[in-house]
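Beneath this line is the structure, given in structure tokens, with notes to follow.
For clarity, every value in this text was computed on a predicted model and none was experimentally measured.
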Amino acid sequence: QVQLVESGGGLVQAGGSLRLSCATSGRTFSTYTMAWFRQAPGKERDFVAAERWTGGSTYYADSVEGRFTISRDNAKNTLYLQMNSLKPEDTAVYFCAARRGILVRPIKDEFDYWGQGTQVTVSS
């Protein structure tokens, strides 16, 4: 079965940076779309960024474009989210997600597999 494990969250000051990791296991991900979502308290789980495991195209939510970068390390079977210029409104639990095949819509219902989440807190 597919397993996704996020790490790298923590407390950071506004303007700082964090790099989240998503370790994958269980299957080959060569046909998968990978993504990051986030969920703040009392809010819906929102799309952040997505990338094909192979293929290179990347997609970002307007709220993070220019600040966040999604990438992968095939040798380590790991997905990353580099977060720069962090803002307090970026505070959320960040989830790694996977979908077999092509992403149709950047919404949570399109993804079949999820990690447990990692907390990111950005202080003023």
Side-chain angles (χ1 to χ4, degrees):
Q1 69 182 64
V2 171
Q3 293 187 352
L4 308 173
V5 180
E6 303 95 335
S7 62
L11 177 64
V12 64
Q13 290 184 314
S17 298
L18 285 173
R19 190 187 195 191
L20 306 183
S21 298
C22 173
T24 70
S25 63
R27 292 178 176 268
T28 176
F29 286 82
S30 61
T31 63
Y32 281 63
T33 298
M34 308 298 297
W36 290 95
F37 285 76
R38 66 186 183 185
Q39 188 166 20
K43 304 294 185 180
E44 64 190 355
R45 188 172 297 186
D46 289 331
F47 171 78
V48 175
E51 182 181 39
R52 294 288 292 174
W53 189 258
T54 60
S57 296
T58 57
Y59 308 91
Y60 296 94
D62 290 344
S63 59
V64 307
E65 191 166 15
R67 298 188 297 122
F68 291 11
T69 303
I70 189 171
S71 63
R72 69 197 186 280
D73 186 330
N74 291 9
K76 296 181 179 180
N77 296 314
T78 301
L79 184 76
Y80 301 100
L81 184 68
Q82 178 67 46
M83 305 186 295
N84 298 326
S85 302
L86 283 161
K87 305 174 181 179
E89 49 263 47
D90 295 318
T91 295
V93 177
Y94 283 71
F95 296 90
C96 178
R99 179 194 191 279
R100 184 175 181 179
I102 299 171
L103 180 66
V104 178
R105 295 176 294 175
I107 60 173
K108 62 182 184 296
D109 290 348
E110 292 290 324
F111 290 84
D112 303 308
Y113 307 103
W114 296 87
Q116 83 290 346
T118 185
Q119 177 71 48
V120 172
T121 302
V122 184
S123 63
S124 300

Answer whether the closest heavy-atom distance between the side chains of [X] and [Y] falls below 4.5 Å.
X      : Y     : answer
Lys108 : Phe95 : no
Leu20  : Glu6  : no
Asp90  : Arg67 : yes
Arg72  : Glu51 : yes
Val64  : Arg38 : yes
Tyr113 : Thr24 : no
Trp114 : Cys96 : no

Side-chain donor/acceptor of Thr121 to backbone N/O of Thr91, under 3.5 Å: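 Side chain of Thr121 to backbone of Thr91, a donor-acceptor pair under 3.5 Å: no, none is there.
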Expected output: side-chain Thr78 to main-chain Ala23 donor-acceptor under 3.5 Å: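 Not a single qualifying donor-acceptor pair exists.
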What distance separates [X] [atom1] from [Y] [atom2], expressed to the nearest 0.5 Å?
X     : Y     : atom1 : atom2 : result
Ser25 : Gln1  : OG    : CD    : 8.5 Å
Ser57 : Arg52 : OG    : CZ    : 9.5 Å
Arg19 : Asn84 : CZ    : CG    : 11.0 Å
Tyr80 : Ser7  : OH    : OG    : 9.0 Å

Heavy-atom closest pair, residues [X] and [Y]:
X     : Y     : result
Leu81 : Ala49 : CD1-CB, 4.3 Å
Ala50 : Thr33 : CB-CG2, 4.4 Å
Cys22 : Leu4  : SG-CB, 3.9 Å
Ser17 : Ser85 : OG-N, 4.3 Å

Table please: side-chain donor-acceptor pairs of residues 40-48 below 3.5 Å, with sequence neighbours left out.
unit_1: Arg45; atom_1: NE; unit_2: Gln39; atom_2: OE1; d: 3.2
unit_1: Arg45; atom_1: NH2; unit_2: Gln39; atom_2: OE1; d: 3.3

Trace of the side-chain contact (heavy atoms from CB on, under 4.5 Å) decision for Leu79 with Ile70: CA-CA 7 Å; Leu79 184 76; Ile70 189 171; 4.0 Å; yes
Mutual orientation of the aromatic rings belonging to Phe37 and Phe111 [parallel < 30°, tilted 30-60°, perpendicular > 60°]: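 Geometry flag for Phe111 against Phe37: perpendicular rings.
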Leu11 vs Gln119, side-chain contact (heavy atoms from CB on, under 4.5 Å): CA-CA, chis, key distance, verdict: CA-CA 8 Å; Leu11 177 64; Gln119 177 71 48; over 6 Å; no
Residues clustered with Val5, ILVMFWY side-chain links under 4.5 angstrom: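 So far as hydrophobic clustering goes, Val5 is joined with none.
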Gln13 atom CD: more than 12 heavy-atom contacts under 6.0 Å: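 Open.
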Hydrophobic cluster membership, Val12 vs Phe68, 4.5 Å side-chain cutoff: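 The answer is yes; both residues are in one hydrophobic cluster.
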Shared hydrophobic cluster, Tyr60 / Leu103 (ILVMFWY, side-chain heavy atoms < 4.5 Å):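 Tyr60 does not cluster with Leu103.
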